[in-house]
Amino acid sequence: MDEAKILVVDDEEKMRHIIKVYLSNEGYKVDTAENGREALEKLEGKPYDLVLLDVMMPEIDGWTVCRKIRQESSIPIILLTARSEEYEKIFGFDLGADDYLTKPFSLKEMAVRVRAVLKRTLEHSGKGPKDIRAGALEIKAMYKQALLDGQELLLTPKEYELLYFLAKNPQIVYSREQLLNQVWGYDFLGDARTVDTHIKQLREKLGDYKKYIHTVWGTGYKFKAGDENEKYTE
């Protein structure tokens with residue numbers, strides 16, 4: 001989901017900050033609330049695509065917030081809790097939660113769960129990935145097909161996923177680790193050189209348009225297609 005808006009609800013300031021920074025770096029728009037009351041107020045005034053909701057909070061706990069959200073909305077909810085008892089998870093799912101994370105949790109795992117829940121939401125809503133047109137490149141998302149000057153590019157599945165992710169987020173610089181998380185998943189056992197190898201292969205297949213994928217030295221890569229770099233010349 002492009003630029004999904006996420007509301008992080010947790011009474012611990014440090015936790016809110018860590019999650020916000022991490023998910024922002026993953027390309028999401030992130031807002032925060034320090035308690036259940038503030039969360040419900042923000043949900044009334046702004047549309048969000050997902051809520052990360054701490055269970056144990058003062059004033060209004062996460063269970064109550066989850067119940068109130070479900071009375072009005074089908075927005076995806078991932079519960080955050082320090083407890084791992086099975087009955088609590090079942091109770092949360094019965095209230096309408098979509099997923100559950102037990103503290104302490106890996107930020108990479110959190111990002112993958114967020115992405116998975118958002119993807120399921122898109123599928124259930126009947127919405128799919130969007131086609132992309134950028135310069136000479138056209139991506140037909142439904143068919144997972146990439147065309148360059150009208151000619152189909154013969155891409156491996158991972159080359160396609162990498163190109164699609166970069167092209168749907170133009171001008172945003174992604175580090176190798178971020179691309180590994182987004183395209184390969186947090187449990188991938190390889191290293192950052194995998195990204196470099198796939199970028200090299202993509203550039204070879206882009207040929208005259210290889211500069212659509214820019215290297216930002218010391219940081220990572222970004223996608224940019226424009227008149228000033230339509231074709232690459234040595």
Q) For residues Asp149 and Tyr209, is any side-chain donor paired with an opposing acceptor at under 3.5 Å? A) yes
Q. Does some side-chain heavy atom of Val117 sit less than 4.5 Å from a side-chain heavy atom of Ile77?
A. no
Q | Thr64 side-chain N/O to Ile60 backbone N/O, donor-acceptor pair under 3.5 Å | A | no
Q.
Under 4.5 Å between side-chain heavy atoms, counting indirect links through other Ile/Leu/Val/Met/Phe/Trp/Tyr residues: same cluster for Val21 and Val30 or not?
A. no
**Q.** Listed once per pair and sorted, the salt bridge (Lys or Arg N to Asp or Glu O under 4.0 Å) pairs that draw on residues 136-148, sequence neighbours left out
**A.** Arg133-Glu138
Q) Is a side-chain N or O of Gln178 found less than 3.5 angstrom from the main chain of Ser175, in a donor-acceptor match? A) yes
Q) Is any side-chain heavy atom of Val51 closer than 4.5 Å to a side-chain heavy atom of Pro76? A) no
**Q.** All side-chain hydrogen bond (donor to acceptor under 3.5 Å, both in side chains) counterparts of Tyr160, not counting sequence neighbours
**A.** none
Q) Got Pro58 and Asp11 here, is their nearest side-chain heavy-atom distance under 4.5 Å? A) yes
**Q.** 4.5 Å side-chain heavy-atom contact, Ile6 and Val114
**A.** yes
**Q.** Set of side-chain hydrogen bond (donor to acceptor under 3.5 Å, both in side chains) partners for Gln145, sequence neighbours left out
**A.** Glu152
Q: Check whether the ring centres of Tyr174 and Phe165 lie less than 6.0 Å apart, and answer yes or no.
A: yes
Q: Check Gly135 against Ala225 and note the closest heavy-atom contact, atom names and distance.
A: N-CB, 4.1 Å
Q) Closest heavy-atom contact between Val65 and Gly36? A) CG2-CA, 3.5 Å
Q) Who pairs with Ser74 by side chain to side chain contact (heavy atoms under 4.5 Å, CB included), at least two apart in sequence or on another chain? A) none
**Q.** Sub-4.5 Å side-chain heavy-atom contact between Val112 and Asn181
**A.** no
Q.
Applying salt bridge (charged side-chain N to carboxylate O under 4.0 Å, His left out), can you list everything that pairs with Lys205, at least two apart in sequence or on another chain?
A. Glu159
Q: Please list all pairs passing the salt bridge (Lys or Arg N to Asp or Glu O under 4.0 Å) test where one or both residues lie in residues 53-64, with sequence neighbours left out.
A: Arg37-Glu59, Asp54-Lys103
Q) Say you draw a straight line from CG of Leu43 to CG of Leu7; how long is it, rounded to the nearest 0.5 Å? A) 5.5 Å
**Q.** Arg16 side chain to Thr32 backbone, donor-acceptor under 3.5 Å
**A.** no
Q. To the nearest 0.5 Å, how far apart are CZ in Arg67 and CG in Asp94?
A. 11.0 Å
**Q.** Phe93-Met56 co-clustered via ILVMFWY side chain contacts under 4.5 Å
**A.** yes
Q.
My understanding is that only residues two or more places apart in sequence, or in another chain, count here; which of them pass side-chain hydrogen bond (donor to acceptor under 3.5 Å, both in side chains) with Thr215?
A. Arg203
Q: Any chance you could lay out the salt bridge (charged side-chain N to carboxylate O under 4.0 Å, His left out) test for Lys42 and Glu38, step after step, and finish with the verdict?
A: CA-CA 6 Å; Lys42 288 193 172 185; Glu38 183 183 1; 3.5 Å; yes
Q | Counterpart residues, side-chain hydrogen bond (donor to acceptor under 3.5 Å, both in side chains), relative to Asp196 (two or more places apart) | A | Arg176, Tyr221
Q) Can you check side-chain contact (heavy atoms from CB on, under 4.5 Å) on Lys224 and Gln171, steps first, answer last? A) CA-CA 6 Å; Lys224 180 181 179 183; Gln171 306 288 4; 3.6 Å; yes
Q: Output the distance between atom CG (Asn35) and atom CG (Asp10), rounded to the nearest 0.5 Å.
A: 11.0 Å
Q) Which hydrophobic side chains are connected to Val173, either touching it within the sub-4.5 Å cutoff or through other members that do? A) Val216
Q) Which atom names give the shortest non-hydrogen contact between Val183 and Lys158, and what distance separates them? A) O-CE, 3.5 Å
Q) Would you find more than 12 non-hydrogen atoms of other residues, nucleotides or ligands less than 6.0 Å from Gln71 atom CD? A) yes
Q) What do you reckon, is CD of Glu72 surrounded by more than 12 foreign heavy atoms closer than 6.0 Å? A) no
Q) When rounded to the nearest 0.5 angstrom, what is the spacing between CE in Met110 and CG in Leu80? A) 8.5 Å
**Q.** hydrophobic_cluster_shared for Tyr212 and Leu147, side chain cutoff 4.5 Å
**A.** no
Q) How many angstroms lie between atom NZ of Lys168 and atom CZ of Phe223, to the nearest 0.5 angstrom? A) 13.5 Å
Q | More than 12 heavy atoms from other groups under 6.0 Å of CD on Glu13 | A | no
**Q.** Spacing of Tyr48 atom OH and Ser73 atom OG [to the nearest 0.5 Å]
**A.** 12.5 Å
Q.
Using a 3.5 Å distance criterion without hydrogens, assess whether the side chain of Thr197 forms a donor-acceptor pair with backbone atoms of Arg193.
A. yes
Q: Apply side-chain contact (heavy atoms from CB on, under 4.5 Å) to Ile78 and Tyr100, showing your working.
A: CA-CA 5 Å; Ile78 298 178; Tyr100 208 100; over 6 Å; no
Q | Cluster overlap Phe105 with Ile18, hydrophobic side-chain contacts below 4.5 Å | A | yes
Q) Does Asp31 come within less than 4.0 Å of Lys5, counting only side-chain N to carboxylate O? A) no
Q) Quick one: ring pair (Phe, Tyr, Trp, His ring centres under 6.0 Å) partners of Phe91, sequence neighbours excluded? A) Trp63
(Q) Is the shortest side-chain heavy-atom distance between Ile69 and Ile75 below 4.5 Å? (A) yes
(Q) For a quick test of reading the model, state the closest non-hydrogen atom pair linking Ala167 to Ile139 and the distance between them. (A) CB-CD1, 4.1 Å
Q: Dump the intermediate steps for side-chain contact (heavy atoms from CB on, under 4.5 Å) on Leu101 and Thr81, then the final yes or no.
A: CA-CA 7 Å; Leu101 276 169; Thr81 180; over 6 Å; no
Q | With sequence neighbours excluded, residues passing salt bridge (charged side-chain N to carboxylate O under 4.0 Å, His left out) with Asp99 | A | Arg113
**Q.** Partners passing salt bridge (charged side-chain N to carboxylate O under 4.0 Å, His left out) against Lys68 (at least two apart in sequence or in another chain)
**A.** none
Q) Below 4.5 Å, heavy atoms only, C-beta onward: do Leu52 and Val9 meet side chain to side chain? A) no
Q: Determine, step by step, whether Trp184 and His198 satisfy the side-chain contact (heavy atoms from CB on, under 4.5 Å) criterion, reporting the C-alpha distance in whole Å, the side-chain angles of both residues, the deciding distance to 0.1 Å, and the verdict.
A: CA-CA 12 Å; Trp184 281 265; His198 280 73; 3.6 Å; yes
Q.
Has Arg115 got a side-chain atom pairing as donor or acceptor with Leu118's backbone, closer than 3.5 angstrom?
A. no
Q.
Quick check: do Leu155 and Gln201 have side-chain heavy atoms less than 4.5 Å from each other?
A. no
